[in-house]
A.B. asks: 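Attaching a single structure in structure tokens format; questions to follow.
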Amino acid sequence: MYGLPCPVRGRAVPRRPHSVEEQHVNDLSYSDFESALRKALPFLDDETPVDAHASLTELGLDSLTLLGLVAELEDGFSLELPDEMLVMETFATPSTLWSALAELPRS
């Protein structure tokens with residue numbers, strides 16, 4: 001997963017994933033993340049592609065499903081979401097949630 005040599009340091013630098021689907025957060029792959037979303041969100045069926053910028057609220061996220069999604073992410077993937085992340089801005093879209101998960105320290 002290394003790209004071209006860094007012109008300044010002369011050694012290879014890690015290649016950034018080209019798409020969200022290639023990315024991993026801790027031990028969570030994006031496909032695992034999508035599965036957790038599908039389990040928690042009532043209006044997101046198995047056939048509907050996950051739009052990274054879709055409103056999670058429009059897909060059925062409310063206070064109860066939010067708790068279920070947090071539990072699924074924390075228990076299923078050994079993550080701990082700090083209290084300051086448990087705000088609707090974090091859970092606005094799949095993209096904002098994935099970005100917030102990427103900021104968590106690696107376990």
A.B. asks: Could you tell me which non-hydrogen atom of Gly60 sits nearest to which non-hydrogen atom of Leu41, and how far apart they are?
C.D. replies: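 Minimum heavy-atom separation between Gly60 and Leu41: C-CD2, 4.2 Å.
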
A.B. asks: How far does CZ of Arg38 sit from CG of Leu69, to the nearest 0.5 angstrom?
C.D. replies: 13.0 Å

A.B. asks: Would you call Leu59 and Pro42 a side-chain contact if the rule is heavy atoms closer than 4.5 Å?
C.D. replies: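 Side chain of Leu59 against side chain of Pro42, heavy atoms only: no contact under 4.5 Å found.
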
A.B. asks: Suppose we screen for side-chain hydrogen bond (donor to acceptor under 3.5 Å, both in side chains). Which residues come up paired with Ser95, at least two apart in sequence or across chains?
C.D. replies: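 Applying side-chain hydrogen bond (donor to acceptor under 3.5 Å, both in side chains) to Ser95 gives none.
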
A.B. asks: Could you list the residues that satisfy side chain to side chain contact (heavy atoms under 4.5 Å, CB included) with Ser35, not counting sequence neighbours?
C.D. replies: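 With neighbours one apart ignored, the set is empty.
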
A.B. asks: Would you say the side-chain atoms of Glu74 pair up with the backbone N or O of Leu81, donor to acceptor, closer than 3.5 Å?
C.D. replies: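 Pair found, side chain donor or acceptor close to backbone of Leu81.
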
A.B. asks: Listing request: all salt bridge (Lys or Arg N to Asp or Glu O under 4.0 Å) pairs with a residue in residues 80-94, at least two apart in sequence or in separate chains.
C.D. replies: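 Residue pairs passing salt bridge (Lys or Arg N to Asp or Glu O under 4.0 Å), neighbours aside: none found.
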
A.B. asks: On a heavy-atom basis, which atom in Ala54 and which in Pro94 lie closest, and how many Å separate them?
C.D. replies: O-CD, 3.2 Å

A.B. asks: Just to verify, what does Ala100 make a side chain to side chain contact (heavy atoms under 4.5 Å, CB included) with, not counting sequence neighbours?
C.D. replies: Met85, Thr90

A.B. asks: Measure the CZ-CG distance between Phe91 and Leu86 for me, rounded to the nearest 0.5 Å.
C.D. replies: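 If I round to the nearest 0.5 Å, the distance is 5.5 Å.
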
A.B. asks: Report yes if some heavy atom in the side chain of Leu97 is under 4.5 Å from a heavy atom in the side chain of Leu37; otherwise report no.
C.D. replies: yes

A.B. asks: Hey, what do you get for CZ (Phe33) to CG (Leu101), rounding to the nearest 0.5 Å?
C.D. replies: 6.0 Å

A.B. asks: Can you confirm whether Thr93 sits close enough to Trp98 that some side-chain heavy atom of one is under 4.5 Å from a side-chain heavy atom of the other?
C.D. replies: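 Thr93 does not reach Trp98 side chain to side chain.
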
A.B. asks: Mind checking what makes side-chain hydrogen bond (donor to acceptor under 3.5 Å, both in side chains) contact with Asp62, not counting sequence neighbours?
C.D. replies: Thr65

A.B. asks: To check you understand the geometry: which heavy-atom pair defines the closest contact between Ala36 and Phe77, and what is its length?
C.D. replies: CB-CE1, 4.2 Å

A.B. asks: Does any non-hydrogen side-chain atom of Met88 lie less than 4.5 Å from one of Leu61?
C.D. replies: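 Heavy-atom side-chain distance check passes, below 4.5 Å.
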
A.B. asks: Test of understanding: with side chain to side chain contact (heavy atoms under 4.5 Å, CB included), list the residues that count as partners of Asp45, not counting sequence neighbours.
C.D. replies: Glu47, Thr48

